[in-house]
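Below is one structure; the comments refer to it alone.
The shown structure was predicted, so the numbers you read here are calculated from the model rather than taken from an experiment.
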Amino acid sequence: MYYKKLLLCLLMGFVSITYAQTSVKSFKVHFNSDEYLLDQTDKNLLDNLIKEMNGSTYSEVSLKAHTDQDADASYNIDLSKKRAESVSNYLRENGIGEKRITEYCYGESKLLTKNNNDKAKAENRRVEIVLNQFAFTTTTKMLKLIGGETKQVFKIKHNTDNTIIAKNGLRVVLPKGSLETVDGSPLSNAEITLEVEEFFKPQDAATQSLSTVCDGKILETGGMFSIKAFQKGKELQLKNDKPMQVDLPSENLKNNMTVFFPVTNAQGIVEWKNSAQPFEVKPKEKIVLPFTELDTKTLQTKKVMPDMGSLAKLNYTYKAIAFPKKPAYPRRPTYLKRATYADNFSWIDRIFYSKATMDKWVIAENKKRDKINENSLTRYNRKLDTYYIAQDAFQRDSAAFETSELQAFKDWLNQEEKAFKLAKQTIEEHHFNRGIDKVSEASKNQSITSVNPRAVFEYMSKPSQFYYAKLESIDLALNYIEILKTMSLGQSLKYLGNKRGEIYLGAPASYKQNIYKNYASQFRSNEFAAKQLNEDKDLATIFDNAQMDIMQKREKMGLLTKKDIGQIYSASLSNFGMVNCDRFSDIPPTQMASIEINCEGEARISFYVKDIQSFVYAYHDKKKNYHLELPINKQMEMVVLTFNKKGEPLYERRSVTFDGDETIEANPQVASIFDIRKSLASL
């Protein structure tokens with residue numbers, strides 16, 4: 001059992017995470033074997049789908065195309081692509097815009113049922129159609145749908161200390177008895193619901209209308225979040241003398257960060273007010289991680305005795321007896337053509353010679369040629385008889401060769417398969433012992449600080465560079481053996497035979513060079529070590545106990561995750577609600593430019609200034625112009641989001657840099673919710 005999961009569950013209680021709700025409907029189109037065209041039943045189903053997509057609610061559809069496992073994988077990928085295109089083309093031909101359709105082609109990789117009978121295969125030959133209907137009437141609502149549900153729900157008890165760790169690393173410590181109702185009514189023994197939202201990334205600011213502005217000045221953010229508490233639907237608050245402790249992971253560690261509280265402006269965009277309360281920085285280099293000690297005495301008893309001599313017994317080469325030579329089919333003879341006057345008489349001769357004289361010559365010449373052709377045919381027939389005799393002998397000799405040699409070859413394959421598997425285990429046993437020594441030394445030196453000591457041991461048990469290459473070659477040989485088991489000896493010689501008539505299971509020199517070259521960038525796990533950790537209860541207990549020990553020590557220090565260790569802001573807060581960890585940007589007013597953007601309709605126009613981790617929104621002047629001030633000579637991303645009269649989302653993302661006051665034109669284009677999410681995620 002992994003105690004990290006157990007500990008987190010104990011700390012958090014029951015966790016429930018909900019997601020944004022849209023109307024989702026599913027359909028399926030099935031195909032006959034090796035077919036991708038739609039029949040009338042399929043078209044009728046798609047016609048109903050098109051009617052729904054042409055309704056008043058904006059919708060998008062995703063097509064997930066699959067095949068059964070007949071044919072090879074690459075062919076099935078192409079077949080699933082054709083099936084997705086058949087459905088997609090039908091939708092487009094009937095008025096559904098290309099941007100509203102997303103295709104996925106899985107081939108045979110995602111079967112619904114085992115591919116072991118005709119009924120199961122029929123189920124697997126399908127295109128799954130998922131219709132997502134998005135109901136929005138304003139840009140703000142559309143943005144919420146694009147962003148999805150951000151709320152995480154935790155169940156806690158008020159009469160105990162509670163530590164909550166949200167999915168992106170926000171850590172909240174609520175002391176026992178720190179909660180009370182807003183209206184002063186007493187708390188019951190019922191569970192308390194804690195709602196947490198984390199806004200750490202630029203796309204969160206874009207979809208939740210969160211700016212980084214305070215009193216018209218640009219802020220530099222370390223992260224935003226929201227915490228609320230409820231009991232039986234009643235909102236709770238913190239007692240004045242019992243604040244909550246909040247640790248905020250951030251990718252933007254800066255000094256002078258303070259706590260900011262939200263203020264929503266007339267356009268529904270969240271701005272901020274400075275509380276002047278500091279967010280303290282916990283730099284990584286100042287954090288001393290706790291260590292754990294292993295039961296090294298018991299650990300040392302788990303060593304095994306590998307037979308290293310087995311490595312010298314590997315045989316990569318099989319020398320087969322000479323394969324019978326297949327006879328060559330005789331070359332067909334070339335026959336002489338029938339003689340004519342023109343063969344021996346010029347046109348002048350044909351004037352002076354009589355027809356009888358020329359006929360006499362032609363008859364004599366044709367008799368001569370017939371004799372020559374007859375002799376050629378006789379020789380060819382003799383060669384053909386010889387070929388058929390040789391071919392019969394070849395068939396007998398080949399059958400005898402396969403019979404006499406094939407069993408010996410199969411026996412050799414089985415013998416070498418056992419030898420290679422034993423050698424593989426021997427190498428892994430050797431490094432298993434070495435891992436025990438290494439991790440024991442690390443425990444002695446108090447250097448095991450990872451929350452997963454088991455993974456530390458598995459890493460220390462990985463093969464060295466030389467044995468890594470040896471194992472890769474062994475795996476290649478075992479793969480060859482599996483293939484050769486299905487072949488005749490003749491086929492095997494064609495597949496892996498060399499000029500000397502040998503079958504060679506070893507890796508080419510270029511393959512070995514590539515293994516050595518890429519060793520440092522690759523990790524090969526020790527299968528024997530992993531097996532021992534799963535099957536040996538005493539061994540597993542050593543590392544599980546160590547993990548529990550380190551997790552408990554980490555939890556007390558608030559260092560459960562890598563983000564906690566690397567980049568943390570910490571503060572004591574006396575109020576629930578939205579909080580921003582920010583500081584004022586040090587860009588002087590002389591380095592700011594007035595920007596005007598022309599854009600039709602209600603839109604959200606914002607600029608992400610990555611250099612200072614700032615998200616700034618433009619303000620509408622109730623005409624068609626949007627205004628804001630931005631720093632000059634800084635690269636930033638402009639994001640425009642709105643929708644047209646058809647209800648289709650319009651989106652534009654553009655990299656811009658300003659060197660002074662400027663007016664620009666926004667040009668948002670029709671885009672799918674899927675594409676907008678993908679683009680915002682890459683900000």
Side-chain angles (χ1 to χ4, degrees), residues 16-24 57-60 62 99-100 102 130 132-153 166-170 195-213 221-228 248-251 262 264-265 267-272 577-582 601-610 613-618 636-644 647-654 668-683:
S16 173
I17 300 175
T18 59
Y19 298 92
Q21 295 297 315
T22 60
S23 176
V24 179
T57 302
Y58 174 74
S59 59
E60 294 177 8
S62 62
K99 293 289 186 181
R100 298 169 65 187
T102 305
V130 180
N132 292 281
Q133 295 175 304
F134 303 94
F136 55 83
T137 54
T138 65
T139 303
T140 300
K141 290 181 179 179
M142 182 183 74
L143 287 169
K144 292 282 188 181
L145 286 171
I146 293 171
E149 182 59 72
T150 58
K151 191 179 297 178
Q152 301 171 57
V153 179
K167 65 179 180 181
N168 291 318
L170 181 70
E195 295 180 356
V196 178
E197 295 177 276
E198 299 169 294
F199 309 112
F200 297 164
K201 298 178 181 179
Q203 64 261 38
D204 298 328
T207 58
Q208 305 299 322
S209 300
L210 301 174
S211 76
T212 53
V213 174
T221 186
M224 297 172 264
F225 59 88
S226 173
I227 304 172
K228 294 180 180 179
L248 169 69
S250 177
E251 296 180 358
T264 304
N265 66 23
Q267 294 184 338
I269 297 169
V270 175
E271 296 185 343
W272 304 93
M578 185 86 76
V579 177
N580 194 355
C581 171
D582 274 61
E602 177 202 1
R604 279 281 189 265
I605 302 178
S606 53
F607 292 81
Y608 173 51
V609 191
K610 186 175 182 179
Q613 297 287 300
S614 186
F615 216 92
V616 188
Y617 284 82
M636 58 193 81
E637 296 290 316
M638 181 178 79
V639 175
V640 181
L641 282 156
T642 182
F643 58 91
N644 59 23
E648 298 171 316
L650 303 179
Y651 177 71
E652 179 184 13
R653 176 180 164 185
R654 188 197 314 175
Q669 301 294 315
V670 174
S672 68
I673 298 291
F674 174 83
D675 288 337
I676 296 173
R677 283 174 178 162
K678 186 177 180 180
S679 176
L680 292 177
S682 65
L683 276 173

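For Y58, there are no ring-ring contact (aromatic ring centres under 6.0 Å, His included) partners, not counting sequence neighbours. Not a single side chain to side chain donor-acceptor pair (under 3.5 Å) links Q267 to another residue, sequence neighbours left out. Remark: E637 pairs with R653 by the salt bridge (Lys or Arg N to Asp or Glu O under 4.0 Å) rule, at least two apart or across chains. Looking at residues two or more places apart in sequence or on another chain, you find a ring-ring contact (aromatic ring centres under 6.0 Å, His included) between Y617 and F615. In this structure, E198 has no salt bridge (Lys or Arg N to Asp or Glu O under 4.0 Å) partners at least two apart in sequence or on a different chain. Take T102 and apply the side chain to side chain donor-acceptor pair (under 3.5 Å) test, not counting sequence neighbours, and it matches no residue. The salt bridge (Lys or Arg N to Asp or Glu O under 4.0 Å) test applied to E195 returns K151, not counting sequence neighbours. Applying the side-chain contact (heavy atoms from CB on, under 4.5 Å) test to N132 and every residue at least two apart in sequence or in another chain returns T22, V24, V130, F134. Listed by chain and number, the residues in a side chain to side chain donor-acceptor pair (under 3.5 Å) with S672 are D675 (sequence neighbours excluded). Applying the side-chain contact (heavy atoms from CB on, under 4.5 Å) criterion to T221, with sequence neighbours excluded, gives T212, M224, N580, D582, Q613. Checked against side-chain contact (heavy atoms from CB on, under 4.5 Å), T57 has the following partners two or more places apart in sequence or in another chain: Q133, A135. In this view, V639 and S606, L641, Y651, L680, L683 satisfy the side-chain contact (heavy atoms from CB on, under 4.5 Å) rule, not counting sequence neighbours.
Heavy atoms only, all atoms of each residue included: S250 and G222 are closest at OG-O, 2.7 Å. Of all non-hydrogen atoms in F136 and P649, the two that sit nearest each other are CZ-CG, 4.4 Å. Nearest heavy atom pair, residue P249 against residue F200, reads CG-CE1, 4.0 Å. Nearest heavy atom pair, residue P262 against residue M578, reads CD-O, 3.1 Å.
Here the side chains of Y608 and M636 are not in contact, with every heavy-atom distance at 4.5 Å or above. Within the 4.5 Å cutoff, no side-chain heavy atoms of R677 are placed close to those of T207. With contacts defined as side-chain heavy-atom distances shorter than 4.5 Å, the pair T264/I269 does not qualify.
Checked by atom type and distance alone, the side chain of S682 pairs as donor or acceptor with a backbone atom of S679 at under 3.5 Å. No donor-acceptor distance shorter than 3.5 angstrom exists from the side chain of Q208 to the backbone of F199, with no hydrogens or angles considered.
Checking T642, T138, T140 one by one against R604, the side chain to side chain donor-acceptor pair (under 3.5 Å) holds for a single residue, T140.
In this structure, CZ on F643 lies 10.0 Å from CG on L143, to the nearest 0.5 angstrom. Taking CG from N168 and CD from E197, the interatomic distance works out to 12.0 Å, rounded to the nearest 0.5 Å. One distance of note links CD1 of I676 with NZ of K99; it measures 10.0 Å at 0.5 Å rounding. The distance from atom CD of E648 to atom CD of Q669, rounded to the nearest 0.5 Å, is 11.5 Å.
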